[in-house]
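Below, chains carry the letters A, B, ... as their sequence lines are ordered, and counting in each starts from 1.
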Amino acid sequence: MTGALASSADMPVVIRRLWKSFGSNEVLKGISLSVERGEVVAIIGPSGSGKSTLLQCINFMEPFDEGDVLIDGRPIGLIHSTGGIRRRMSERDLNKLRREIGIVFQQYNLFPHLTVLANIIEAPVHVLGLPRAEAIERARFQLRKVGLHGKEDAFPGELSGGQQQRVAIARALAMQPKVMLFDEVTSALDPELVGEVLASMRLLAEEGMTMIVVTHEMAFAREVADRVIFMDGGMIVESGDPREFFSNPQHERSKAFLKRLLSHGDDTQDAA
Amino acid sequence: MDFQLDIFLAALPSLLRGAKVSAGLALVSILLGFVIGIIGGVCRISRNPVLRYGALGYVTVMRCVPLLVTLMFLYYGLPSAGILLEPYTVAILALSAVNGAYVTEIIRAGILSIDLGQMRAARSLGMSYSQAMRRIILPQAVRRVLPPITNESLTLVKNTALVSTITISDLLRSGLEVMTWKANTFSPFAGVALIYILMTLPLVWLNSALETRYRIR
């Protein structure tokens, strides 16, 4: 559902003129992006273009300097206090907003001292305050969805990279977030394990989850995303329908990027 | 050689009584030191400067002052300031404070060795900093530093011998008493050394068992 008539209230994520620098290095230069409910946005671009930083800014794990990020219409991170000065919101409020944003990392970041089941119910029980039995039910449901039913008692170290990443997806989903962020989630995987993770993401997209996916998987971007954003140098260079973008990129930099990918053949993972 | 079995056997009950005192002091100080170490380790990396520098000051003082001096200061020095403490209180205070300082540094290193992604993942799930520290970071950090903590505990068991200087009848002092009583130095001290070995050996084994267990991780 990418209807242009959707009201702003149906925008789980709205980013307005976002600026972020590390020291003197400007990483994000006034990014604006609105994501509709159920939309799948793929962000692509060369390394160092600011894609991952943008994602980390959405849940304020990376504090941004200027601009706004609205989660379901509510600002996250910086808030206006009286007198027009902006300050960091309270940790308590920030934690509450973060519950609604699921994120999956390149390095999985599962908790190695906890079983698969304990990994998934950890936050539902200790952050949401869900009864254990209900959290376990949720966890089993999510595990089935990512195809890992029966792995409840395994430790992360006993699983393959692809399985670990699917547990990480289940863990994020168990919080029932409004939006899911994927930060190059297949980049650390052996090539033969990429497919199973992408399949779980594809299923999630079909179920209508709002997703922002930073990826090097061009096939995934082309087939699953509703919109492709091409970032370079901390700015959005081009944004549009995936089929159109890949067959007919408008900007010189997008053309150069895609050309570079093609010259590396199918090995898109290492191209950027 | 001046080893006499009869003196050795006659000394044993008294030595064992002393060993019980030493072991008790060691056990309490190891446990208290562990608690101090966890709190201290978290404070050492806190963003709050009062906690961070407070913990650093504590660790520095305890590491730089000889334990014997700390014991003497608390037992013989403080009374002139009007503070009188029981010998056992002094012993436990000094031993746990020193042990806590070393464990603080070990725990700090353990926390810093945990991948930053763990905190990131925990916070992204909506956990507070202290929740993430308590439930995600510390359990992993403590597991990882159990071998050096065991090693520190071993040092502590041996350091309890210093409390004999503040009138406590620990293992060493019991040996000294037998020595005067029986007018024989070799046999009681052989017994004292043997009992210290028996008390510390389990820790040596525990240390190597833990190191083997966590080597691959």
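Under 3.5 Å, the side chains of Asn95(A) and Arg123(B) contain a donor-acceptor pair of N or O atoms.
Within a 6.0 Å radius of CG in Leu198(B), other residues, nucleotides and ligands contribute more than 12 heavy atoms. Dense packing is recorded around CD of Glu91(A), with more than 12 heavy atoms of other residues, nucleotides or ligands lying under 6.0 Å away. Counted within 6.0 Å of CD on Glu66(A), heavy atoms from surrounding residues, nucleotides or ligands total 12 or fewer; the atom is thus considered open. Around atom NZ of Lys96(A), no more than 12 heavy atoms belonging to other residues, nucleotides or ligands sit under 6.0 Å away. With a 6.0 Å radius and a threshold of 12 heavy atoms from other residues, nucleotides or ligands, Tyr53(B) has its OH atom at or below the threshold.
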Between Arg120(B) and Glu62(A), is the side-chain contact (heavy atoms from CB on, under 4.5 Å) condition met? List the steps.
CA-CA 10 Å; Arg120(B) 221 166 242 269; Glu62(A) 231 18 293; 3.5 Å; yes
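Residues of residues 123-134 of chain A placed with any heavy atom under 4.5 Å of a heavy atom in chain B are listed by number as Ala123(A), His126(A), Val127(A). Within residues 113-122 of chain A, the residues having any heavy atom under 4.5 Å from a heavy atom of chain B are, by residue number, His113(A), Leu114(A), Glu122(A).
Using a 4.5 Å cut-off between heavy atoms, Gln107(A) makes no contact with chain B at all. For a residue to count as touching a neighbouring chain, one of its non-hydrogen atoms must lie under 4.5 Å from one of that chain's; by this rule Leu110(A) touches chain B with the backbone only. Only the side chain of Gln56(A) comes within less than 4.5 Å of a heavy atom in chain B; its backbone stays farther off. With a 4.5 Å cut-off on non-hydrogen atoms, Ile103(A) touches chain B through its side chain but not through its backbone.
Residues Ser124(B) and Met61(A) form a side-chain contact, since some pair of their non-hydrogen atoms from C-beta on lies under 4.5 Å apart. At a threshold of 4.5 Å between non-hydrogen side-chain atoms, the residues Leu125(B) and Arg171(A) count as touching. Side chains of Pro112(A) and Gln140(B) form a contact here, defined as non-hydrogen atoms less than 4.5 Å apart.
Note that the CE atom of Met127(B) and the CZ atom of Arg98(A) stand 12.5 Å from one another [nearest 0.5 Å].
Residues Gln118(B) and Phe111(A) come closest through the heavy atom pair OE1-CD2, 3.2 Å.
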